[in-house]
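Everything below concerns the one structure shown next.
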2 protein chains.
Amino acid sequence: MSAPEVPVRRQTRQRTAVLALLDELDGFRTAQDLHALLRERGDAVGLATVYRALQALVDDGLVDVLRSEDGEAAYRRCSPVHHHHLVCRSCGLTVEVADPPVERWAARVAAEHGFADVQHQLEVFGTCRSCAPGAAAQR
Amino acid sequence: MSAPEVPVRRQTRQRTAVLALLDELDGFRTAQDLHALLRERGDAVGLATVYRALQALVDDGLVDVLRSEDGEAAYRRCSPVHHHHLVCRSCGLTVEVADPPVERWAARVAAEHGFADVQHQLEVFGTCRSCAPGAAAQR
DNA sequence: CGATCGTGTGAGAATGGTTCTCATGACCAG
DNA sequence: CTGGTCATGAGAACCATTCTCACACGATCG
């Protein structure tokens with residue numbers, strides 16, 4: 001086996017803009033949203049480039065991906081340590097949370113059933129205080 | 001408030017075939033897979049109908065949906081009680097598992113952060129014994 | 001048993017997110 | 001400064017899913 005042969009990652013205006021935008025936001029956003037936001041702020045970037053930049057960031061572990069209920073991918077700047085998410089399904093507000101017990105539970109259950117190379121995925125969805133019905137009669 | 005106005009659910013050859021097929025399989029399958037399987041077995045059903053039947057089954061709580069990493073939806077006949085899944089990412093084999101602690105944890109964490117109307121989603125992915133590398137030098 | 005109403009079906013078109021293509025532009029090492 | 005390589009962008013291609021709409025069929029009632 002030879003070198004992994006990973007291309008050099010260049011720093012460009014576009015990639016910088018995508019990461020900077022993600023740093024300002026505190027919730028999960030779709031690639032389409034991010035593209036529109038960049039366009040609004042005048043920092044125009046091609047849609048394909050937004051997708052490529054996000055993919056690179058995910059590969060580098062700087063960004064987390066999440067699939068919404070309709071299959072659309074949403075991205076968020078996250079800490080590199082393992083964690084789960086508490087997401088507001090209305091405004092996207094997200095809190096990173098840890099749950100050590102579930103880590104052990106997942107490993108144990110997987111082992112009991114003969115599963116190896118285990119990963120788990122745990123997300124909690126709810127309505128945050130600002131979006132709670134009653135704060136403003138929405139609908 | 002009047003009656004929910006849910007249309008009567010008819011029993012047709014196509015819906016019966018979809019549910020019967022799901023009953024025979026023990027892993028998550030995409031709508032496309034199910035459509036192809038039905039076609040192979042001669043029980044031809046239109047693709048749109050497969051989607052509609054699956055949606056109806058999900059609404060009735062007879063089938064669970066899961067989004068694969070690339071956003072494709074996968075369906076499986078599941079028990080109606082709340083549970084999580086241990087899924088083989090190679091063959092799709094799935095085991096239903098329960099984890100009472102995580103239920104309480106999710107509720108507590110959500111409450112701490114002022115989130116209401118909480119749901120959670122927990123899936124464990126791994127490689128089952130039959131698919132383990134070494135059982136057969138695949139690929 | 002047979003008419004009737006309303007739901008289900010299917011082929012193909014439409015939708016929409018994501019990826020690919022490829023000619024052109026921009027990093028950055030030397 | 002210059003070259004080679006990687007990045008960009010506009011649009012096409014892709015593909016899962018949904019929609020459209022004319023027609024078929026299930027259930028119910030007479």
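Every value quoted in this text rests on a predicted model; they were computed, and no experiment measured them. Every chain is numbered from 1, with letters handed out A, B, ... down the list of sequences.
What separates CG of A/Leu38 from C1' of D/dG9 is a distance of 14 Å, to the nearest Å. If you measure from atom CD of B/Glu72 to atom P of C/dG17, you get 17 Å, rounded to the nearest angstrom. Atom CZ of B/Arg29 is separated from atom P of D/dA16 by 16 Å (rounded to the nearest Å). Atom CD in B/Gln55 sits roughly 13 Å away from atom P in C/dT9 (whole-Å rounding). A/Gln14 has its CD atom 11 Å from the P atom of D/dA7, to the nearest Å. For the pair B/Leu57 CG and C/dG8 P, the computed distance is 12 Å after rounding to whole Å. Separating the CD atom of A/Glu69 from the P atom of C/dG17 is a distance of 16 Å, rounded to the nearest angstrom. Counting to the nearest Å, the C1' atom of C/dT18 and the CZ atom of B/Arg67 are 14 Å from each other.
In this structure the side chain of B/Glu24 never reaches within 4.5 angstrom of the side chain of B/Arg77, judged on heavy atoms. Using a 4.5 Å cut-off on side-chain heavy atoms (C-beta onward), A/Gln11 and A/Thr16 make contact. Within the 4.5 Å cutoff, the side chain of B/His83 has no heavy atoms near those of the B/Val97 side chain. The side-chain heavy atoms of A/Gln32 and A/Tyr51, taken from C-beta on, include a pair separated by under 4.5 Å.
Rotation axes derived from the C1' atoms of the five outermost pairs at either end of the helix from C/dC1-D/dG30 to C/dG30-D/dC1 lie 30° apart, to the nearest 10°.
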Test ring pair (Phe, Tyr, Trp, His ring centres under 6.0 Å) applied to A/His120 and B/His85, step by step: CA-CA 10 Å; A/His120 64 280; B/His85 299 113; over 10 Å; no

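Remark on DNA chain D: of its neighbouring residues B/Ala31 and B/Gln11, the 5'-side contact belongs to B/Ala31, judged by nearest-heavy-atom nucleotide. Both A/Arg13 and B/Leu47 sit near DNA chain D, but only A/Arg13 has its closest nucleotide nearer the 5' end. Remark on DNA chain C: of its neighbouring residues A/Gln32 and B/Thr12, the 5'-side contact belongs to B/Thr12, judged by nearest-heavy-atom nucleotide.
OP1 or OP2 of C/dG8 lies within a sub-4.0 Å distance of a side-chain N or O belonging to B/Arg15. Look at A/Thr49 and you won't find any side-chain N or O under 4.0 angstrom from OP1 or OP2 of D/dA7. One finds no side-chain N or O of A/Arg9 lying less than 4.0 angstrom from the OP1 or OP2 phosphate oxygen of C/dC28. Residue B/Tyr51 has a polar side-chain atom (N or O) positioned under 4.0 Å from OP1 or OP2 of D/dT17.
In terms of polar N and O atoms assigned as donor or acceptor, the side chain of B/Arg52 comes within less than 3.5 Å of the base of C/dG10 in a complementary pairing.
In the displayed structure, A/Glu69 atom CD is contacted under 6.0 Å by at most 12 heavy atoms of other residues, nucleotides or ligands. Within 6.0 Å of the CZ atom in A/Arg39, the count of heavy atoms belonging to other residues, nucleotides or ligands does not exceed 12.
The side chain of A/Arg10 sits closest to D/dA7 out of D/dA7, D/dC19, D/dG9.
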